[in-house]
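Naming: A, B, ... by sequence-line order, numbering from 1 per chain.
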Amino acid sequence: MESNSKYNPSEVEDKWYSYWLNHRCFHSEPDSREPYTIVIPPPNVTGILHMGHVLNNTLNDVLVRKARMDGKNACWVPGTDHASIATESKVVARLKEKGIKKEDIGREKFLEYAWEWKEEHGGIILQQLRKLGASCDWDRTRFTMEPALTEAVISTFCHFYRKGWIYRGVRMVNWDPEALTAVSDDEVIHKDTKSHFYHLRYYVSDGNGNPTDKYLVIATTRPETIMADAAICVNPADERHHWLRGKKVIIPLIGREIPVIEDDYVEMDFGTGCLKVTPAHDAHDYEIGLRHNLPVLDIIDDHGCLNEKATILVGEDRFAARKKIVRMLEESGNLEKVEEYTSPVGYSERTNAVIEPKLSAQWFLKMEDLAKEALEAVESGRIKFIPDKYRNTYRHWMENAHDWCISRQLWWGQRIPAYYLPDGQIVVEENPELALSAARKLDPTVTAETLRQDDDVLDTWFSSWLWPISVFDPKFPGHPEHKKNRDLSYYYPTNDLVTGPDIIFFWVARMIMAGGEFMNEVPFRNVYFTGIVRDKLGRKMSKTLGNSPNPLELIDKYGADSVRLGMLLCSSAGNDILYDESQIEQGRNFCGKIWNSWRLVNGWRVDENAVQSETSRVAVKWFDNLLSRTIETVEDNYRKFRISDALMTIYKLFWDDYCSWYLELIKPAFGEAVDGATYEATVEFFTKLLKLIHPIMPFITEELWQSMAERRDGETIMFERTPVAGPYDAGLLDEFDRAREIIVGIRGIRAQKQIAPKQALSAMIEGNFSEELKPVVAKSAIVDKFLDAAPAGASVSFIVGTLKVSVPLEGFVNADEEKSKIEAELERQKNFLAGVRKKLSNETFVSHAPAAVVENERKKESDALARIEALQASLSKY
RNA sequence: GGGAGAUUAGCUCAGUUGGUUCAGAGCGUCUGCCUUACAAGCAGAGGGUCGGCGGUUCGAAUCCGUCAUCUCCCACCA
């Protein structure tokens with residue numbers, strides 16, 4: 001086989017991905033094996049791949065490929081999320097380009113456009129994931145808004161409605177008076193805005209609706225809302241206002257009486273300590289209104305203009321009204337003063353209009369019971385969070401869970417299956433036909449035309465919380481048949497979920513709830529939380545900063561394996577990832593190293609009759625033991641989800657131990673052949689290394705594995721078994737480490753004294769050093785002779801553990817220099833000894849510390865003494 | 001304002017229940033090498049009183065207190 005001197009990922013990656021697809025290597029069907037299941041966190045259907053996806057899906061793929069090689073029936077279900085808000089705004093923007101407003105074309109036509117857009121651009125991200133090497137079972141690809149899943153979602157709504165957990169309630173929404181729609185909290189941008197703080201006098205009523213000469217002062221930024229005031233509120237602990245208890249005050253200009261109430265919400269040292277309560281136009285005020293049973297008076301219409309309930313300035317825009325009313329208040333003597341004031345004001349992301357808090361009817365799902373069970377699932381350890389710290393966050397939220405507002409004022413999504421009779425009664429049914437017949441039972445005159453379906457759609461999370469269930473069985477999850485579903489009963493619960501901590505409540509918690517409600521079983525065992533990918537300056541990646549690289553360009557430039565490795569290198573669980581292209585370069589370098597290490601071995605001439613050298617024999621034995629120990633470490637890393645540690649462990653094994661030490665030891669001299677035994681061992685080691693790193697670097701490992709031998713069509717490294725750790729001799733590994741230290745020491749002397757690498761040296765090793773490893777030292781450090789007795793001339797010596805290594809260097813050594821070096825080392829050792837002895841002479845230490853610790857101190861003492869003796873012997877020569 | 005977490009080498013991070021020869025890794029840095037797999041490489045070297053102060057302990061990077069700085073989540077203040 002001929003191999004290029006450089007690894008070229010672009011030639012290799014598409015070839016093997018097609019090969020895997022053609023042989024359906026990613027496809028899974030239930031069988032007798034243990035399943036290993038992951039469902040993808042579904043990316044937005046119109047999304048494109050960014051670095052966060054790369055991180056998340058690389059981790060998913062590593063876990064899936066590892067499980068597959070562990071012999072499990074691995075299944076990774078891909079799919080996309082309809083993402084109602086994000087997708088709808090994209091479609092709206094696209095229509096806007098054509099000069100079309102969504103209100104003008106109506107719901108049905110809009111949805112046609114939206115589906116068109118989805119068919120055209122949807123799922124691009126799934127294509128992009130293939131470039132990364134993701135081993136998803138593409139036959140199982142799902143979409144949260146596909147008909148079957150939509151049915152499940154609708155049935156789920158009906159289920160909870162019938163259970164009495166879904167109710168209609170009033171809530172403050174962010175109203176965009178220009179777009180005439182409610183927008184989500186995420187779409188509101190808070191900007192510090194200069195405005196004014198108006199101090200207004202409210203005169204106390206005499207009890208008959210007439211003002212007295214006493215008054216209180218409130219401070220407000222929105223004087224145009226005073227007509228909607230329902231009360232004045234003060235803090236009960238605020239003695240300045242106790243005289244107002246039980247009093248009523250009169251709203252300026254309109255003369256309406258409102259009570260003075262007390263509530264802890266009011267800050268005593270903010271403003272004047274008096275708050276005007278306007279339940280219809282402020283979320284907090286609404287809450288206070290509920291507590292004190294205040295009336296709600298809505299004086300602003302959908303366009304942001306005052307309506308007839310305001311009684312004055314009717315029809316005026318809210319900002320125009322503000323200017324006018326200030327003048328009116330000034331004229332009436334109610335305006336005490338005006339302050340400059342800067343406060344955060346919410347603006348619509350889409351229209352930049354100032355958001356108006358507006359009360360509207362919304363649908364809610366009761367969280368109490370669901371949250372309780374979902375909390376227990378994590379507290380009991382049935383679900384593990386990695387890292388564990390997120391349990392606190394989760395607990396805090398679950399103990400304070402508000403009811404879930406599940407309605408959204410959008411069109412792209414699953415429409416709420418609630419139907420209104422003309423008289424306002426509501427029926428909730430799975431489809432319009434059922435709804436009509438249910439409605440007719442209440443009112444026989446109802447027709448399909450007069451029965452009106454709710455305009456809102458369901459929150460996207462109301463479909464994605466079913467994801468781990470519905471990808472396997474899209475029937476309504478509460479359906480009695482669903483437990484018989486072969487896929488669902490085999491694959492559910494899934495094993496691991498990899499996701500970001502930002503959606504722990506939106507998604508993770510709710511999947512746990514749905515699992516508990518419908519399956520009586522958690523949806524996954526482990527949740528691995530990734531960090532957020534940031535640039536190397538720690539900034540979030542964003543389009544506006546332009547600091548987000550295009551993953552596809554990176555894959556093009558460096559190869560998918562390099563990108564995967566680069567991402568994993570810096571990704572300990574739960575920590576933010578500071579991405580830097582140099583990490584991907586490191587991945588590319590590693591690919592080169594792997595590639596070239598095989599070129600070396602593959603280029604050797606093998607002589608089956610040659611006798612294995614002692615060096616090679618020891619090297620093979622050592623690496624075999626090391627491989628076993630390292631595999632054990634790697635398995636442990638995987639068990640603890642320490643993926644970057646697993647990677648680093650293999651990386652060092654491959655590069656340092658295998659390439660730099662092992663291959664250099666067994667490398668035949670120029671022109672010579674390698675013996676058969678060594679060659680076979682080396683090929684086996686290399687094969688194991690490829691398998692170990694395959695889950696992380698699937699492409700290069702497949703390419704090399706395929707090229708190493710004749711493979712049958714359809715064979716793949718993907719289905720090879722993870723190498724297993726055999727027993728190993730820890731003593732041998734330790735002794736080899738000592739040999740390495742000796743070698744590094746001698747090389748260091750060589751570098752320091754500028755002795756040519758090829759010039760052989762002799763050395764004396766004093767102490768108990770394995771005879772077996774002397775050939776290793778000889779070869780790696782270019783030592784041609786081991787001396788038994790101290791040489792007469794000048795030499796340089798150093799200490800490794802309890803061994804003393806001396807290298808005779810007549811002619812290279814400055815005696816004074818060496819002497820002072822030894823003296824310095826002697827001094828250091830004496831200080832060390834003194835420290836150890838101080839500890840040992842401390843009676844409390846000896847009596848309190850465990851015996852093993854004391855014993856170790858004694859060992860330190862005797863070792864130090866031995867070293868001191870050796871150093872003094874060297875010194876005596878000078 | 002409430003909550004959570006962090007601070008260890010120039011950078012990014014490990015450091016498992018306090019105790020294994022004066023704290024580890026990767027990258028970067030410095031020095032020397034075109035040594036017949038790889039200069040995207042090889043060999044070698046330097047680099048930290050573990051954020052400050054105080055405490056517990058025979059013993060603290062590790063436990064407690066406190067201060068400082070940073071990050072994230074939630075609420076954003078009439």
Using Watson-Crick or G-U wobble geometry with both distances below 3.5 Å, tell me the partner of U31(B), or none. A43(B)

Between C1' on G1(B) and CG on Asp264(A), what's the gap in Å once rounded to a whole number? 15 Å

For U62(B) and A37(B), measure between their C1' atoms and round to the nearest Å. 45 Å

Measure centre to centre between the rings of Tyr658(A) and Tyr662(A), then say whether the value is under 6.0 Å. yes

What integer number of Å spans the C1' atoms of G59(B) and A14(B)? 23 Å

Round to the nearest Å and state the distance from Asp645(A) atom CG to U16(B) atom C1'. 11 Å

Salt-bridge present (Lys667(A), Glu664(A); N to O < 4.0 Å): yes

Rounded distance (Å) that lies between atom P of G15(B) and atom CG of Asn637(A): 11 Å

Expressed as a whole number of angstroms, how long is the span from Leu663(A):CG to A37(B):P? 11 Å

Check whether the ring centres of Phe505(A) and Tyr394(A) lie less than 6.0 Å apart, and answer yes or no. no

What integer distance in Å separates Phe686(A):CZ from A37(B):P? 15 Å

Once you apply the 3.5 Å cut-off to both distances, tell me the Watson-Crick or G-U wobble partner of U7(B), or none. A68(B)

Is C50(B) paired to anything, Watson-Crick or G-U wobble with both distances less than 3.5 Å, and if yes, which nucleotide? none

Think Asn589(A) has a side-chain N or O under 4.0 angstrom from the OP1 or OP2 of C38(B)? no

Could you tell me whether the side chain of Glu664(A) has a donor or acceptor atom within less than 3.5 Å of a complementary atom in the base of A43(B)? no

Between His402(A) (NE2) and C73(B) (C1'), how many Å, whole number? 14 Å

Base, sugar-phosphate or nothing for Gln586(A)? Non-hydrogen atoms, less than 4.0 Å. sugar-phosphate

Using whole Å, what does the distance between atom P of nucleotide U36(B) and atom CG of Asn596(A) come to? 13 Å

Using atom P of each nucleotide, how far apart are G51(B) and C34(B) to the nearest Å? 44 Å

Over 60° means perpendicular and under 30° means parallel, so classify the ring planes of Tyr198(A) and His196(A), tilted if in between. tilted

Under 3.5 Å for both donor-acceptor distances, Watson-Crick or wobble: does A61(B) have a partner, and if so which one? none

Give a yes or no on whether a salt bridge exists between Arg828(A) and Glu825(A), defined as a side-chain N under 4.0 angstrom from a carboxylate O. yes

Checking all strands, does Cys591(A) fall into the base, sugar-phosphate, or nothing category for heavy-atom contacts under 4.0 angstrom? nothing

Expressed in whole Å, how much space separates the P atoms belonging to A60(B) and C64(B)? 15 Å

Working to the nearest 0.5 Å, report the span between CZ of Phe529(A) and CD1 of Ile386(A). 9.0 Å

Can you tell me if Lys593(A) touches the phosphate of C42(B), counting only side-chain N or O atoms and a distance under 4.0 Å to OP1 or OP2? yes

Phosphate-side-chain proximity, His284(A) and C76(B), N/O vs OP1/OP2 below 4.0 Å: yes

For the C1' atoms, the ones on A39(B) and on U31(B), what distance do you get once it is rounded to whole angstrom? 16 Å

Going by an N to O cut-off under 4.0 Å, is there a salt bridge joining Glu827(A) and Lys830(A)? no

So, does Tyr265(A) get its side chain near the phosphate of G1(B), meaning an N or O under 4.0 Å from OP1 or OP2? no

Which nucleotide sits closest to the side chain of Lys6(A): A40(B), A14(B), G26(B)? A40(B)

G24(B): pairing nucleotide in any strand, Watson-Crick or G-U under 3.5 angstrom: C13(B)

From the set G15(B), C77(B), G5(B), return the single nucleotide nearest to any side-chain atom of Glu267(A). C77(B)

Searching all strands shown, indicate the nucleotide that pairs with G18(B) (Watson-Crick or G-U wobble; both distances under 3.5 Å). none

Using a heavy-atom cut-off of 4.0 Å across all strands, would you classify His396(A) as base, sugar-phosphate, or nothing? nothing

Under 4.0 Å, heavy atoms only, any strand: does Trp604(A) hit a base, just the sugar-phosphate, or nothing? nothing

Tell me whether the side-chain N/O atoms of Lys652(A) come closer than 4.0 Å to OP1 or OP2 in G26(B). no

What's Arg642(A) touching, base or sugar-phosphate or nothing? Going by heavy atoms closer than 4.0 Å. sugar-phosphate

What integer number of Å spans the P atoms of U69(B) and C76(B)? 27 Å

Complement of G1(B), any strand, by Watson-Crick or G-U distances under 3.5 angstrom: C74(B)

Which nucleotide wins on minimum distance to the side chain of Arg599(A), given the candidates G41(B), C38(B), A25(B)? C38(B)

With no hydrogens and no angle check, just 3.5 Å: does a side-chain donor-acceptor pair link Arg599(A) and Asn596(A)? yes

